[in-house]
Visitor: 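The structure follows.
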Amino acid sequence: MAKFWYLVCMITFLELSKLAISRPEQVPTPPLPVLPLPTFSQLKWQQRELIMFLHFGVNTFTDSERGTGKENPSIFNPVGLDTKQWVTVAAEAGISLMILTAKHHDGFCLWPSKYTDHSVISSPWRNGHGDVVQEFIDAVKTHGGGGIDAGLYLSPWDRHDKRYGHDLQYNEYYLAQLQELLTKYGSVKEIWFDGFKGNEARNMSYYFSDWFAMVRELQSSINIFSDAGPDVRWVGNEKGSAGNTSWSTINSTLLSIGNLSVLE
């Protein structure tokens, strides 16, 4: 009988001991994510809210939207240029990204490219030693207060360069200039491409896959913008038309650069 009560007491003690030992609370495991997930750079882009595009170049002096490529570089002479003022205004407006047209369709380069003389080198501005891209990047870094990033636009359509219309030669030229912009000026957070060209443009194939590969190699955290991404694109299409519902994701098989029919 004594052994029986001893066993009962031991079992009771063990059961009480189990109750006294605190156990971590069991919580449900989180569900698997709904794919696709944005990259860090894409998420940052979604959170920007306001972005500024700076269309500056020879068109500023001809009062035209699109240049012909025949403009004389001597017309480019912004004696009062103050990129710090650009950035100050952007900061006051809550802008988080400023994108500069380093080269528009007219082919005039706002930086002293080694691959053409149709640039600031041939202009009277700063006696041919100016570099708008450098002044822009420096102003963003110095006066942006840490809340503004820089982006660049390099037009695929070039109405000036004689290599345009010759696939291999022009794509090599474009890649060379792209390399200049993404190696000479530090971190660039967005690079803009588009497939727009006028009806009068010479037949030309762009090596977009090679361009994108170079961008990824030179700056891994950059966002690539075009009609078809691959990272970010506008809402709807280049004409400003969008569907009734716009989502953050889109079926990329519906997209092609230069295609203005997609409305999502």
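FYI, side chains are in, hydrogens and waters are out, and symmetry mates aren't considered; it's all heavy atoms of this structure. Everything quoted here is computed from the prediction, not taken from an experiment.
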Visitor: Does this structure show an ion pair linking Lys103 with Asp158, if we count only N-O contacts that are shorter than 4.0 Å?
Guide: yes
Visitor: Is a side-chain N or O of Gln219 found less than 3.5 angstrom from the main chain of Gly186, in a donor-acceptor match?
Guide: yes
Visitor: Taking His118 as the fixed residue, which of Tyr173, Trp111, Phe76, Phe108 is the one that meets the ring-ring contact (aromatic ring centres under 6.0 Å, His included) rule?
Guide: Phe108
Visitor: What donor-acceptor contacts under 3.5 angstrom involve side-chain atoms of residues 137-145, with partners at least two apart or in another chain?
Guide:
unit_1, atom_1, unit_2, atom_2, d
Asp138, OD1, Gln134, NE2, 3.0
Thr142, OG1, Asp138, O, 2.9

Visitor: Can Val132 and Leu81 be said to form a side-chain contact (heavy atoms from CB on, under 4.5 Å), step by step?
Guide: CA-CA 9 Å; Val132 179; Leu81 179 65; 4.3 Å; yes
Visitor: Please determine whether side-chain contact (heavy atoms from CB on, under 4.5 Å) holds for the pair Tyr206 and Trp157, giving the CA-CA distance in whole Å, both sets of side-chain angles, and the decisive distance to 0.1 Å.
Guide: CA-CA 9 Å; Tyr206 302 136; Trp157 184 29; 3.8 Å; yes
Visitor: State, yes or no, whether a side-chain contact exists between Cys109 and Gln177 at a heavy-atom distance under 4.5 Å.
Guide: yes
Visitor: Could you report the tightest heavy-atom contact between Thr62 and Ile75, atom names first, then the distance?
Guide: CG2-CD1, 3.6 Å
Visitor: Under 6.0 Å between ring centres, would you say that holds for Phe212 and Phe193?
Guide: yes
Visitor: Mind checking whether Ser119 and Leu110 have side chains closer than 4.5 Å, heavy atoms only?
Guide: no
Visitor: Test side-chain contact (heavy atoms from CB on, under 4.5 Å) on Asn59 and Glu65 and set out the steps.
Guide: CA-CA 6 Å; Asn59 296 344; Glu65 179 182 353; over 6 Å; no
Visitor: Under a 3.5 Å threshold, yes or no: a donor from one side chain and an acceptor from the other, between Tyr185 and Asp131?
Guide: yes
Visitor: State, yes or no, whether a side-chain contact exists between Phe61 and Pro78 at a heavy-atom distance under 4.5 Å.
Guide: yes
Visitor: Check for a donor-acceptor pair, side chain of Ser220 on one end and backbone N or O of Arg216 on the other, with a separation under 3.5 Å.
Guide: no
Visitor: Is Asp167 salt-bridged to Arg202, cutoff N-O under 4.0 Å?
Guide: no
Visitor: Could you tell me the separation between the CD atom of Glu92 and the OG1 atom of Thr88, rounded to the nearest 0.5 Å?
Guide: 6.5 Å
Visitor: Are Leu50 and Met52 co-members of a hydrophobic cluster defined by side-chain heavy atoms under 4.5 Å apart?
Guide: yes
Visitor: Does His160 reach the main-chain N or O of Gly69 with its side chain, forming a donor-acceptor pair under 3.5 Å?
Guide: yes
Visitor: Test side-chain contact (heavy atoms from CB on, under 4.5 Å) on Lys84 and Val87 and set out the steps.
Guide: CA-CA 5 Å; Lys84 297 186 292 294; Val87 177; 5.8 Å; no
Visitor: Taking C-beta and beyond as the side chain, do Tyr115 and Glu180 meet within less than 4.5 Å on heavy atoms?
Guide: yes
Visitor: More than 12 heavy atoms of other residues, nucleotides or ligands under 6.0 Å from CD of Glu217: yes or no?
Guide: no
Visitor: Please report the closest heavy-atom contact between Asp106 and Gly67, naming both atoms and the distance.
Guide: CB-CA, 3.9 Å
Visitor: Between Glu190 and Leu152 (side chain of the first, backbone of the second, donor and acceptor by atom type, cut-off under 3.5 Å), is there such a pair?
Guide: no
Visitor: Just by modelled atom types, is the Asp227 backbone N or O under 3.5 Å from a matching donor or acceptor in the Arg233 side chain?
Guide: yes
Visitor: Once rounded to the nearest 0.5 Å, what's the spacing between atom NZ of Lys189 and atom CD1 of Ile51?
Guide: 13.5 Å
Visitor: Looking only at heavy atoms, what is the nearest atom pair of Leu97 and Gly151, with distance?
Guide: CD1-N, 3.9 Å
Visitor: Say whether, by atom type as modelled, one donor and one acceptor occur between the side chain of Ser123 and the main chain of Pro73 under 3.5 angstrom.
Guide: no
Visitor: As an exercise, state the distance from CD of Gln46 to CG of Leu43, rounded to the nearest 0.5 Å.
Guide: 7.5 Å
Visitor: Side-chain contact test, heavy atoms from C-beta onward, threshold under 4.5 Å: evaluate it for Trp86 versus Leu54 and give yes or no.
Guide: yes
Visitor: Verify the cluster assignment for Val58 and Ile121: are they in a single hydrophobic cluster under the rule of side-chain heavy atoms below 4.5 Å apart?
Guide: no
Visitor: With a 3.5 Å distance limit and no angle check, can you tell me whether Thr101 reaches the backbone of His104 through a side-chain donor-acceptor pair?
Guide: no
Visitor: Determine whether Asn171 and Asp210 make a side-chain contact, defined as any pair of heavy atoms from C-beta on separated by less than 4.5 Å.
Guide: no
Visitor: Determine whether Ile99 and Val89 fall in the same hydrophobic cluster, where Ile, Leu, Val, Met, Phe, Trp and Tyr are linked whenever their side-chain heavy atoms lie under 4.5 Å apart.
Guide: no
Visitor: In Å, rounded to the nearest 0.5 Å, how long is the span from CZ of Arg163 to OH of Tyr174?
Guide: 14.0 Å
Visitor: Sequence neighbours left out, what passes salt bridge (Lys or Arg N to Asp or Glu O under 4.0 Å) with Lys114? Give chain and number order.
Guide: none
Visitor: Kindly give the heavy-atom pair with the smallest separation between Tyr170 and Pro156, and that separation in Å.
Guide: OH-O, 2.6 Å
Visitor: Angle between ring planes, Phe196 versus His105, binned at 30° and 60°: parallel, tilted or perpendicular?
Guide: tilted
Visitor: Asp231 side chain to Asn223 main-chain N or O, any donor-acceptor pair under 3.5 Å?
Guide: no
Visitor: Counting the benzene-type ring for Trp, do Phe225 and Trp45 have ring centres under 6.0 Å apart?
Guide: no
Visitor: Apply salt bridge (Lys or Arg N to Asp or Glu O under 4.0 Å) to the pair Arg126 and Glu135, showing each step before the final yes or no.
Guide: CA-CA 12 Å; Arg126 305 275 197 262; Glu135 292 192 21; 3.1 Å; yes
Visitor: Testing the basics here: between Phe56 and Leu100, what is the closest heavy-atom pair and its distance to 0.1 Å?
Guide: CB-CD1, 4.4 Å
Visitor: Say you draw a straight line from OG1 of Thr68 to CD of Glu200; how long is it, rounded to the nearest 0.5 Å?
Guide: 10.0 Å
Visitor: When rounded to the nearest 0.5 angstrom, what distance separates OG in Ser187 from CG in Asp149?
Guide: 7.0 Å
Visitor: Taking all atoms of both residues into account, what is the closest heavy-atom pair of Met204 and Lys197, and its distance?
Guide: O-NZ, 2.9 Å
